[in-house]
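Some notes on the structure that comes next.
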Amino acid sequence: MLLAIDCGNTNTVFSIWDGSRFIATWRIATDHKRTADEYFVWLSSLMSLTRTEATITEAIISSTVPRVVFNLRVLCDRYFGCRPLVVGKPDCRLPVPPRVDQGTTVGPDRLVNTVAGHARHGGDLVIVDFGTATTFDVVDTDGAYIGGVIAPGVNLSLEALHMAAAALPHVDVAKPLKAIGTNTVACMQSGVYWGYIGLVEGIVREVRRERDRPMKVIATGGLASLFAQGTALFQSIEDDLTMHGLVLIHDHNKETA
Ligand SMILES: Nc1ncnc2c1ncn2[C@@H]1O[C@H](COP(=O)(O)OP(=O)(O)OP(=O)(O)O)[C@@H](O)[C@H]1O
Ligand SMILES: CC(C)(CO)[C@@H](O)C(=O)NCCC(=O)O
Ligand SMILES: [K+]
């Protein structure tokens, strides 16, 4: 079975693909100090607690944090006897290479989202990912990643307000009942919620204007469904987009081996 690992700046997600579906998905905070042995203790105890019958024989990793890749490689080698594919490394082929400025290293999560988005929806697509950063990946007709937008993540913006202003508390992101807040928390939630709705709508409007063609918009990431409640922009919400892309890239590399 295939172990797919999506390592973001905040969280790392492990999923096991049995060839036709994901039989398990587990999430751990990203920490570059975590060793291969620690990952394995955590993974194997979750497997036994949930009675997950899986023999891992292959692995693929997407990591936006370069430093964690070493220990994830050791995990795969030592405990699963396999050499993982790492998205973004020269030996990991993509169906269509990105078209960006020379010397640019596109975040592997964005490349993976692009592959999955194109497979599911075809080209001329904007993928909005609400993670640590809020990213927009623009996918050309042929499935190439051709650029996009990186904005601060929603939780990051709320945290920055709290850190910089003595009288502003830590608050969780939520869809406020009204735009006009009548207490501090409601004011902050309105600023971030309606601010991000405006940001997403405004960026997509400019992208469509630049591309001068119809473009579908899909959303992924933990906060996608919350923001979908405030706009009609998204054609679909796909929580499993990155994991799906990892499976596709793994299959593509096997087929073209
Ligand atoms: N209603 C909600 N309110 C607050 N946070 C939420 C809500 N729903 C999901 N989340 C957060 O979304 C996150 C999951 O999103 P996702 O995995 O896309 O991004 P991330 O883990 O924060 O970022 P990255 O992938 O860059 O590490 C979780 O950290 C979770 O706390
Ligand atoms: C933007 C993030 C942090 C989003 O996870 C990641 O994709 C990344 O580190 N990207 C590198 C820069 C780029 O994608 O152009
Ligand atoms: K992510």
Side-chain angles (χ1 to χ4, degrees), residues 4-15 22 25-32 34 60-69 72 86-89 94 97-117 126-139 144-162 169-177 185-186 188-190 192-193 195-197 199-200 203 207 218-230 234 237-246 249:
I5 307 173
D6 164 24
C7 175
N9 281 286
T10 309
N11 289 307
T12 301
V13 182
F14 290 70
S15 282
F22 289 108
T25 295
W26 297 303
R27 184 178 282 264
I28 193 167
T30 299
D31 176 1
H32 72 271
R34 214 181 295 282
I60 181 163
I61 300 168
S62 158
S63 179
T64 59
V65 185
R67 284 199 289 184
V68 303
V69 175
L72 289 173
V86 180
V87 178
K89 296 284 185 241
L94 296 172
R99 288 192 286 273
V100 290
D101 298 348
Q102 275 279 339
T104 298
T105 306
V106 181
D109 51 340
R110 308 176 75 192
L111 297 173
V112 174
N113 284 347
T114 296
V115 170
V126 183
I127 302 166
V128 186
D129 190 335
F130 293 92
T132 307
T134 301
T135 55
F136 298 68
D137 311 323
V138 180
V139 185
Y145 169 90
I146 54 163
V149 175
I150 302 173
V154 175
N155 283 319
L156 212 54
S157 301
L158 272 171
E159 201 50 31
L161 269 181
H162 165 58
H170 170 83
V171 305
D172 289 327
V173 56
K175 182 172 186 279
L177 295 173
V185 169
M188 291 170 69
Q189 285 173 333
S190 180
V192 167
Y193 188 84
Y196 270 85
I197 292 290
L199 177 145
V200 173
I203 286 173
V207 167
I218 64 172
T220 187
L223 294 170
S225 50
L226 183 66
F227 282 91
Q229 293 166 32
F234 306 132
I237 309 293
E238 305 185 8
D239 295 327
D240 63 343
L241 193 71
T242 314
M243 279 300 162
H244 181 61
L246 283 173
I249 293 172

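Ligands are counted one by one from 1 in listed order, and the atoms in each one are counted from 1 as well.
- Atoms of ligand 1 lying under 4.0 Å from at least one heavy atom of Val173, given by number and element, are 3 (N), 4 (C).
- Asn11 contributes atom CG, which lies 9.5 Å from atom CG of Asp6 (distance to the nearest 0.5 angstrom).
- In this structure, atom 30 (C) of ligand 1 has its sub-4.0 angstrom surroundings free of protein heavy atoms.
- Considering only residues two or more places apart in sequence or on other chains, Ala186 meets the side chain to side chain contact (heavy atoms under 4.5 Å, CB included) condition with Asn183.
- Close contacts between ligand 1 and Leu223 involve ligand atoms 2 (C), 3 (N), 4 (C), 5 (N), 6 (C), 7 (C), 8 (N), 9 (C), 10 (N) [criterion: under 4.0 Å to a heavy atom].
- Atom NZ of Lys175 has more than 12 heavy atoms from other residues, nucleotides or ligands within 6.0 Å.
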Between ligand 2 and the protein, which N/O pairs are shorter than 3.5 Å?
{"residue": "ligand 2", "atom": "5 (O)", "partner": "Asp109", "partner atom": "OD2", "Å": "2.6"}
{"residue": "ligand 2", "atom": "7 (O)", "partner": "Asp109", "partner atom": "OD1", "Å": "2.7"}
{"residue": "ligand 2", "atom": "14 (O)", "partner": "Gly107", "partner atom": "N", "Å": "2.8"}
{"residue": "ligand 2", "atom": "14 (O)", "partner": "Arg110", "partner atom": "NH1", "Å": "2.9"}
{"residue": "ligand 2", "atom": "15 (O)", "partner": "Arg110", "partner atom": "NH1", "Å": "3.4"}

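- Atom numbering of ligand 1 starts at 1 in the shown order; those under 4.0 Å from a heavy atom of Gly221 are 18 (O).
- Scanning all protein heavy atoms for the shortest distance to atom 25 (O) of ligand 1 gives Gly8 CA, 3.9 Å.
- Looking from atom 22 (O) of ligand 1 to the surrounding protein, the closest heavy atom is Thr10 CB, 3.8 Å.
- For atom 21 (O) of ligand 1, the closest non-hydrogen atom on the protein side is Asn11 ND2, 2.8 Å.
- Distances shorter than 4.0 angstrom do not occur between any heavy atom of Asp172 and any atom of ligand 1.
- Contact record, Val100 with Gly147: CG1-N, 4.3 Å, taken as the closest heavy-atom pair.
- For atom 17 (O) of ligand 1, the closest non-hydrogen atom of the protein is Arg27 NH1, 2.8 Å.
- Relative ring orientation between Phe227 and Tyr193 is described as parallel, the plane-to-plane angle staying below 30° on a 0-90° scale split at 30° and 60°.
- Within ligand 1, counting atoms from 1 as listed, the ones closer than 4.0 Å to a heavy atom of Gly131 are 19 (O), 23 (O).
- Remark: atom 3 (N) of ligand 1 lies closer than 4.0 Å to at least one protein heavy atom.
- One side chain, Thr242 or Asn113, offers a donor N or O that lies under 3.5 Å from an acceptor on the other.
- Counting heavy-atom neighbours within 6.0 Å of Arg67 CZ, excluding the residue itself, gives a total of 12 or less.
- Smallest separation of non-hydrogen atoms from Gly8 and Val65: O-CG2, 3.7 Å.
- When each of Ile61, Val115, Val106, Ile60 is tested with Val87 by the rule side chain to side chain contact (heavy atoms under 4.5 Å, CB included), just one qualifies, namely Ile60.
- Counting the atoms of ligand 1 from 1 in the order shown, those under 4.0 Å from a heavy atom of Phe130 are 18 (O).
- Distance check, rounded to the nearest 0.5 Å: CZ of Phe136 to CZ of Arg110 gives 10.0 Å.
- For His162, there are no side chain to side chain donor-acceptor pair (under 3.5 Å) partners two or more places apart in sequence or in a different chain.
- At a 3.5 angstrom cut-off on N or O pairs, Gly222 counts as close to ligand 1.
- Both the backbone and the side chain of Thr132 come within 4.0 Å of ligand 1, judged by heavy-atom distances.
- Here the closest non-hydrogen pair linking Asp239 and Gly221 is OD1-O, 4.1 Å.
- Thr25 is linked by a side chain to side chain donor-acceptor pair (under 3.5 Å) to Ser15, counting only residues two or more places apart in sequence or in another chain.
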